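Please read the structure below before turning to the comments.
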Amino acid sequence: MENDFSSPARDIRFHSLFENTPELILYQNEESTILDANPAFLKLVQEPKENVINRNYNEFLSEDVQLLYEEKLKEAFTGKTVRFDLYTPQGNSAPRHWDVVKIPVSENEKVVGVHMIARDITEKMQAQEEILEKNKDLQQFTYVVSHNLRSPLTNALGLVEVLEISDPGSSDFESTLTHLGTSLRQLDQVVRDINTILSIRDKQDLVQNESVPLAQVVHQAVQNFQEALHDSGGTARVAIPEGIQVLGNRAYLYSIFFNLLSNAIKFRSEQRPLQVDITLAVKDSQTKEISFADNGSGIDLDKAGVDMFKLYKRFHPQHSGRGLGLYLVKAHVESIGGQIEVSSRPNEGTIFKVSLQ
Amino acid sequence: MNFVLIDDELITLFLYKKLFQLEGLSDEVIAFDDPEKALEFLQQQISSGQVPQVIFVDLNMPKISGWDLLGALEPYKVQLQAKCLIYLLTSSLDPSDISRAKEHPQVTELIHKPLDRHIIHKVQENMRGSR
C-alpha cells in the first residue's frame, strides 16, 4: 500500500482538493463531454451538477474559442499535458481570462479522459496590461523630457561655440553671454519640472483622499489671482455652495484651479474683459461636476484636441509658457480619481469640466 | 535670399544668425520665429519664382509644426524639387522622427540640433552639388 504514512488517506485528500479548490476542474472524454465537474465550476456557471454532466463543454464557451479548445483537447488525448490561455465567458458568467491546463488520464497506456484545470488570471492580465500601458507612457515621457532638456542644452552648446570665437569686448559677446545664461536657466527649469512631475507620479497610488471643502479651495485660488484679474479688468465668479465637499487632496485641488485660472488670464481675449465662471452641477449623489468656463481666446480642438493635456505642448506661439500647466492639471485630477474634459471655440472661450467624487 | 531659417525659439534663431554671420553669410539669411509668417513668405517667394536654396525648419513649434509646414509646401513640390534643400531641425532623439522624415522625399535631411558651422559647410557643399 502506498502512502500508509500520510493521513488522511490519499483519496480523501484528492477529493478535498477537487471539492474545495477555487480553480475550475472538469473531467472530459474525447468528444468534450463533461463527465465530472467540481463545485467551483458549478458555482461559476450557476447550474446544479445534473445540468452540467453529460453536456458538451462547448455549450459553456463563447463561439470564438470553441475551435481552439477542441484542438487543445485533441492534443491532450495524444498523451500530452497542454497549457494555454483563454478569454471567454463560461455559461452565463462574465468573460474572464483563464489559464488552462489539460492533463490526460491514462489507463493501460491509453488516454481515457482529460482533466482540465482552469485558473482565473483576469486580475493578473489587467495588471500586466496596466504595466505595459505605463511603460509606454514612461517611454514617451522620456522622449519628451529628453527633447526639452536638449533644446536649451543645444542652444547653450552653440552659444559657447560662438563665445569662443567672439571678441570678449564686443556687444555681440555680451548678448551671447546673456542668452547663454537664459538657456542654462531654462535647462534648470526643465529639471525642476521633471521633479514636480515625478513627485506626482510617485504619489499617484499613495495620495490619501480626504473630504475637502470645495468652495474654500476655489476661493483661495481666485484670491491668489485677485491682482492679476484686477489689472486685466477681469472677473471670476464662483458659484459653488459652501458646505460641498469633494474627495481629493487639498494641495492638488488648489493646483488644479490655480493652473486653470492662470491659463484663463494668460489666454484671455483682447476684445473683451475676461469673465470666468466656476459653477457646480451635482450629477448624482456621488459625482460632482465642476465647470470652469472662460470667455477667452479659446482654441481649435480639431487641431489641438489630442495634444491639449500633453506635456510641453504649447498652442499659443505669442505667449510664454512651457506647456506644463494643463499636463499638471490632468495629472492632479487623475491622481485623486477624477476626470477632466474640455470644450472650446476659437475666439469664444473654453470650458473645462472636472468630475470628482 | 539663399537661406530661410524657421524656429520659434528666439535664442535658437539668434544663435543661427550668429553662425551664418561668422560664415560671412549674414546677407543671405532671413529668419522667422513665427512659422505662419514664414509660410506666407515662402508661398510668395515660390509663386514669384524666387525659390530659396535652403530652408531650415524646426520640427517642434506650437500651432504650426515643422511637419505642418512641410504639408503646406506640398502643392509647390514641383517648384521646390531640385532647387531647394529642406533641412528639418530637432532636439528630440525620438527615432520615429527619422522614419517620418524619410516619408517626405522633399526633405534633404533631419538634423539633430545644435546646428553648427560644420553642418553649414556640409549644406553649402550640397548646394553646389545640387546646382
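Chain letters run A, B, ... following the sequence lines, proteins first and then strands; every chain starts at 1. Because only heavy atoms are used, hydrogens play no part in the values below, and waters and symmetry mates are left out as well, while side chains stay in. Predicted, not measured: the structure shown is a model, and the values here were computed from it.
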For A/Leu159 and B/Phe14, what are the C-alpha separation, side-chain angles and deciding distance, and is it a side-chain contact (heavy atoms from CB on, under 4.5 Å)? CA-CA 9 Å; A/Leu159 291 165; B/Phe14 168 86; 3.9 Å; yes
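Rounding to the nearest 0.5 angstrom, the gap separating the OG atom in A/Ser166 from the CD atom in B/Gln21 is 8.5 Å. Rounding to the nearest 0.5 Å places NZ of B/Lys18 at 10.0 Å from NE2 of A/His179. Note that the CG atom of A/Asn155 and the CG atom of B/Asp7 stand 7.5 Å from one another [nearest 0.5 Å].
No more than 12 heavy atoms of other residues, nucleotides or ligands lie within 6.0 Å of CD in A/Gln339, so this atom counts as exposed by the packing criterion. The neighbour count for B/Gln44 CD, taken as heavy atoms of other residues, nucleotides or ligands under 6.0 Å away, does not exceed 12. Counting heavy atoms of neighbouring residues, nucleotides and ligands inside a 6.0 Å radius, atom CZ of A/Arg237 does not exceed 12 of them. Atom CD of A/Glu341 is surrounded by 12 or fewer heavy atoms from other residues, nucleotides or ligands within 6.0 Å. Dense packing is recorded around CD of B/Glu109, with more than 12 heavy atoms of other residues, nucleotides or ligands lying under 6.0 Å away.
Here the options are A/Val162, A/Thr154, A/Leu157, the test is side-chain contact (heavy atoms from CB on, under 4.5 Å), and the partner is B/Leu15; only A/Val162 passes.
In terms of non-hydrogen atom pairs under 4.5 Å with chain B, the most contact-rich of A/Asn148, A/Thr182, A/Ile165, A/Asp307 is A/Ile165. Ranked by non-hydrogen atom pairs under 4.5 Å with chain B, the options A/Arg150, A/Glu161, A/Lys313, A/Gln140 are led by A/Arg150. Looking only at heavy-atom pairs under 4.5 Å with chain B, the residue among A/Leu149, A/Ile299, A/Thr176 that has the most is A/Thr176. Most heavy-atom pairs under 4.5 Å with chain A, from the set B/Asn60, B/Thr90, B/Leu115, B/Leu10: that is B/Asn60.
Of the two parts of B/Glu36, neither the backbone nor the side chain holds a non-hydrogen atom closer than 4.5 Å to a non-hydrogen atom of chain A. Interface remark: B/Asp68 contributes no atoms to any contact with chain A (heavy atom separation under 4.5 Å). In this structure, the portions of B/Lys113 lying under 4.5 Å from any heavy atom of chain A include both its backbone and its side chain. Neither the backbone nor the side chain of A/Thr142 has a heavy atom closer than 4.5 Å to any heavy atom of chain B.
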